[in-house]
2 protein chains.
Amino acid sequence: MNKGDRISQGNVQAGAPKLRKDAERNRRRIIEATREVIAELGVHAPVDEIAKRAGVGVGTLYRRFPDRTELIETVFLERAQRYLDTAREALRHEDAWEGFRTYLERLCAMQAEDRVVTDVLTLNLPDSPRLVELRYRIHSTQNRLIRAAKQQGALRADFTPEDVVLLLVAHAAIVQSLGDEAPESSPRFLALALDALRPDGAAPLPSAPRPDRLVKAMQRPPVVVRRRPGGTP
Amino acid sequence: MNKGDRISQGNVQAGAPKLRKDAERNRRRIIEATREVIAELGVHAPVDEIAKRAGVGVGTLYRRFPDRTELIETVFLERAQRYLDTAREALRHEDAWEGFRTYLERLCAMQAEDRVVTDVLTLNLPDSPRLVELRYRIHSTQNRLIRAAKQQGALRADFTPEDVVLLLVAHAAIVQSLGDEAPESSPRFLALALDALRPDGAAPLPSAPRPDRLVKAMQRPPVVVRRRPGGTP
DNA sequence: GTCGAAACGGAACTAAGAGTTCCGTTTTTT
DNA sequence: AAAAAACGGAACTCTTAGTTCCGTTTCGAC
């Protein structure tokens, strides 16, 4: 490493030494590029692509973020937060069903325009307590939405929070395999899904997957943020 | 290549010279192993895994099948055929709705126990006219199922064949990300999906994706059967 | 039973990614 | 103008996967 280079973190911390003007500008560009690129390509997006989009060399990127993970995490948490905000907003609807419907619609729209949203649902950064906490809040907000919609009689009684996961996993696949070429697929699927949630005339459902299993299943492949494939031996 | 080695094809053709006994036995083992392995891992399954499962060296495998693609294709077409059989059987139900429902259920079950089924739906082998033809037959059989179920008034009128694709893509994702850990997910999802198809009280759907676009979307990534990453320059 | 052809196994080679480092050059700052 | 900081991107490493090569083993015809 060169003399002047210094390891620092993506999130400027209190008391961090000020960056040179060009460095600060590049830091912002990198974060912005990361947002864009992983929205399109998902968290697996290669570093080179991010650097290119930011108009910066990879070296520059690594000077600011000690590794790929550090960089991704910044953006990842941002998204999780937005996810939570969506749930909370939905809760403010006075019509509970409308609130729930809006929630699903917004989530699907987010999935369609940003692949990371799906990843937030699915993946765990290694050791990110903050993400765990955000997920917890998302879930409990979501539960309140569901309960309210059921009480109102607008949502089938045997619907469970796990079903939301099923729908989102399903919709993610629709968007990922069909989204670009056949964008009508997403709204079409969502509309069908909503019809499945009506209480009237609903056939009884087989039992829902256990939540803990579901969580385990979704967090399974730590494939996401691989550490050190190359580099230091 | 050694003197004795000879390029031949996976499917024994008329007039092909007879294989030695051990060779013939290995050839069968390889095909069987391929079936098993790609059922579990999908068409991307590495050749080494297949060879290992067959209890055979990779060399042996390549002596019989000039390349990976050749091998996969054999099994792939077998599956596509079974897919078609399922559709045809469903057509024999006297109750059209039952037929259609059974069709979907069988398809989902097949997806759950064999990843290749999804691949058959999604992917094209390079230059496989036979697969194209099978697909065509599958589609037309499926269309008859749908028409009959609608006429009987058991299936919502705005349902289209494209919706079957949506459901299968969605279900494939459910099985792939949740299947192992939370096997209840698949039947649960299917039951919800079937409820979405009821004609009574169905909300009007947004327009379906155009079939040609859908086909294009699904056949997009020719990622599947990559040719020559290494090997002959 | 022997011997040549056929087949075998699996190490080694090639290619394509992808993350990380290194260092000669450029830009800021004082 | 000089020193410090930052820059860019080629080069290096590791991984994964398809394919070939060749010394060794097995089969089958005589």
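Since the model is a prediction, treat every value here as computed from it, not as a measurement. Chain A is the first sequence line, chain B the second, and so forth, proteins listed ahead of strands; every chain is numbered from 1.
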Identify, with sequence neighbours excluded, every residue that meets salt bridge (charged side-chain N to carboxylate O under 4.0 Å, His left out) alongside B:Arg28.
B:Glu24
Does D:dG8 have OP1 or OP2 sitting under 4.0 Å from an N or O in the side chain of A:Thr60?
yes
Should B:Asn26 be listed as having a side-chain N or O under 4.0 Å from OP1 or OP2 of C:dC8?
yes
Which protein N or O atoms sit under 3.5 Å from an N or O of nucleotides 28-30 of chain D?
from	atom 1	to	atom 2	distance (Å)
D:dG28	OP1	B:Lys21	N	3.2

For the pair made of CG in A:Asp48 and P in C:dG17, what is the distance, rounded to whole Å?
12 Å
Would you please name every residue forming a salt bridge (charged side-chain N to carboxylate O under 4.0 Å, His left out) with A:Arg35, sequence neighbours left out?
A:Glu32, A:Glu78
Sequence neighbours excluded, which residues qualify as salt bridge (charged side-chain N to carboxylate O under 4.0 Å, His left out) partners of B:Glu133?
B:Arg137
Output all residues satisfying salt bridge (charged side-chain N to carboxylate O under 4.0 Å, His left out) with A:Arg210, sequence neighbours left out; order by chain, then residue number.
A:Asp212
Out of D:dC7, D:dG8, C:dA11, which has the shortest distance to the side chain of A:Val56?
D:dG8
Check this one for me: any side-chain N or O of A:Arg64 less than 4.0 Å away from OP1 or OP2 of D:dC7?
yes
Sequence neighbours left out, what pairs pass salt bridge (Lys or Arg N to Asp or Glu O under 4.0 Å) with at least one residue falling in residues 164-174 of chain B?
none
Kindly give the heavy-atom pair with the smallest separation between A:Pro161 and A:Gln142, and that separation in Å.
O-NE2, 3.9 Å
